[in-house]
Amino acid sequence: MTEIVIISGKGGTGKTSLTASFAALAPKTVVADCDVDAADLHLILAPRILQRTDFISGHEAVIRGDACTGCGTCRTLCRFEAVSRNGSSGRYEIGPAGCEGCGVCVHFCPAKAIDFPQRLCGEWYVSETRFGPMVHARLGIAAENSGKLVSLVRKEAQRLAVEREADLLLVDGPPGIGCPVIASITGVDLVLVVTEPTRSGKHDLERVLRLARHFKVPACVCVNKWDINPELTEQIENESRLSGATVLGRIPYDRTVTAAQIAGQSATEYGGGPASKAILEIWETLRRMASPTNKRRES
């Protein structure tokens with residue numbers, strides 16, 4: 001089984017659209033949406049949820065109102081300013097969105113009036129789509145440990161891929177270079193970085209390629225909407241090659257991609273535009289690069 005992750009240095013470059021298009025083209029594939037902070041692959045793949053599981057991670061402090069003496073120790077010690085005073089009762093309360101689960105208030109409360117239960121941070125799902133199985137998740141509002149949830153989604157997707165004897169695990173990764181991205185690319189066979197020909201796109205591409213090099217993950221690059229700035233596209237491709245990445249191709253700006261999204265389809269399903277043709281060519285190149293034969297040759 002080959003595991004490919006599609007990532008981007010910034011949001012909005014088109015990585016989810018590309019992942020959905022690849023899923024439509026690839027046989028015997030398991031798909032995972034690891035962009036758990038803002039998951040949207042389900043909008044195109046329309047998964048039918050088969051299994052729903054709570055994601056429990058970390059702890060949150062909860063003050064028992066009947067035991068609180070109103071001394072204010074918790075508020076003094078909380079560096080996250082999560083503690084506030086109830087004007088009517090004079091007792092203190094902890095806002096769940098502000099609590100970082102450090103436990104300082106629990107340890108130092110003189111009245112031992114603060115409980116420290118585990119926190120429900122979201123849900124993860126095993127689903128079926130028209131292209132095969134999919135593992136995805138939803139992180140709760142202001143919830144923590146998205147990197148841990150990404151690892152959980154990947155692990156379940158890997159298990160499912162082995163169970164289904166899939167040839168490919170296709171992962172829609174999160175944008176940026178933070179903990180969720182690290183959790184999504186560690187140990188994978190290949191990352192495809194989707195960028196756009198803008199100054200911010202170029203800058204963030206450089207950062208994410210440095211991250212891939214740090215973790216010794218082979219990287220390739222494609223430029224989406226390349227024709228809005230051909231000169232910068234050329235510059236991005238040249239610098240990507242110098243950094244050791246493989247340039248797979250270019251995707252032109254194409255209004256049929258938006259039409260496909262409105263129709264709830266991937267660009268390659270909808271077809272009829274230059275973007276669909278370019279994505280197909282990129283997929284064929286990517287498939288050859290990630291084939292088991294090619295991987296054995298490189299090793």
Side-chain angles (χ1 to χ4, degrees), residues 1-7 15-57 120-140 145-174 179-192 215-218 264-266 268-269 283-284 286-299:
M1 179 190 64
T2 301
E3 186 173 3
I4 301 175
V5 183
I6 293 88
I7 55 176
K15 66 177 179 58
T16 297
S17 298
L18 202 58
T19 303
S21 293
F22 289 165
L25 296 169
K28 296 187 70 175
T29 300
V30 172
V31 180
D33 189 351
C34 286
D35 189 3
V36 298
D37 290 277
D40 54 6
L41 186 59
H42 63 279
L43 298 176
I44 301 177
L45 299 191
R48 179 172 59 89
I49 297 176
L50 305 177
Q51 175 187 330
R52 184 190 305 260
T53 308
D54 287 341
F55 172 56
I56 306 294
S57 182
L120 174 63
C121 291
E123 292 181 321
W124 61 274
Y125 318 98
V126 176
S127 300
E128 196 69 35
T129 75
R130 60 189 181 277
F131 305 128
M134 173 178 173
V135 183
H136 51 123
R138 182 178 63 182
L139 194 69
N145 287 324
S146 58
K148 187 175 181 181
L149 181 53
V150 167
S151 296
L152 192 156
V153 169
R154 271 190 67 197
K155 183 177 180 180
E156 181 61 25
Q158 290 164 352
R159 183 199 64 77
L160 193 59
V162 171
E163 181 182 291
R164 300 286 186 96
E165 297 183 345
D167 296 326
L168 175 67
L169 173 54
L170 191 62
V171 180
D172 182 12
C179 179
V181 181
I182 294 170
S184 71
I185 71 171
T186 306
V188 304
D189 295 294
L190 189 68
V191 296
L192 170 58
F215 286 99
K216 296 180 173 57
V217 179
Q265 296 180 3
S266 66
T268 48
E269 282 179 284
W283 165 248
E284 290 298 329
L286 182 66
R287 183 176 60 83
R288 288 193 297 269
M289 284 182 60
S291 68
T293 302
N294 192 52
K295 287 195 295 182
R296 285 195 297 269
R297 189 183 300 120
E298 290 178 351
S299 62

Asker: Taking the side chain as every heavy atom from C-beta outward, state whether V5 and L192 have any atom pair closer than 4.5 Å.
Answerer: no
Asker: Going by ring-ring contact (aromatic ring centres under 6.0 Å, His included), name the residues that satisfy it together with Y125, two or more places apart in sequence or in a different chain.
Answerer: H136
Asker: Run the ring-ring contact (aromatic ring centres under 6.0 Å, His included) test against W283 and tell me which residues pass, sequence neighbours left out.
Answerer: F22
Asker: Residues two or more places apart in sequence or in another chain: which of them pass side-chain contact (heavy atoms from CB on, under 4.5 Å) with E284?
Answerer: L280, R287, R288
Asker: Do R130 and E269 make a side-chain contact, defined as non-hydrogen atoms from C-beta onward lying under 4.5 Å apart?
Answerer: yes
Asker: So, does R154 use its side chain to make a donor-acceptor pair with the main chain of A183 at under 3.5 Å?
Answerer: yes
Asker: Is the backbone of I4 close enough, under 3.5 Å, to the side chain of D189 for a donor and an acceptor to pair up by distance?
Answerer: no
Asker: Given 3.5 Å as the limit, does a donor-acceptor pair link the side chain of D33 with the main chain of A39, or not?
Answerer: no
Asker: Could you check whether atom CZ of R48 has more than 12 heavy atoms from other residues, nucleotides or ligands sitting under 6.0 Å from it?
Answerer: no
Asker: With side chains defined as the heavy atoms from C-beta onward, is the minimum distance between D37 and P180 less than 4.5 Å?
Answerer: yes
Asker: Side chain to side chain donor-acceptor pair (under 3.5 Å): which pairs involve residues 18-29, sequence neighbours left out?
Answerer: none
Asker: What pair of heavy atoms forms the shortest contact from A137 to V153, and how long is it?
Answerer: CB-CG2, 3.8 Å
Asker: Would you mind writing out the side-chain donor-acceptor pairs for residues 161-171 within the sub-3.5 Å range, not counting sequence neighbours?
Answerer:
| from | atom 1 | to | atom 2 | distance (Å) |
| --- | --- | --- | --- | --- |
| E163 | OE1 | R159 | NH1 | 2.7 |
| R164 | NH2 | E128 | OE1 | 3.4 |

Asker: Would you find a donor on one side and an acceptor on the other, under 3.5 Å apart, between the side chain of S266 and the backbone of A24?
Answerer: no
Asker: Residues in salt bridge (charged side-chain N to carboxylate O under 4.0 Å, His left out) with D35, at least two apart?
Answerer: K15
Asker: Out of curiosity, L149 CG to E123 CD, how far, rounded to the nearest 0.5 Å?
Answerer: 10.5 Å
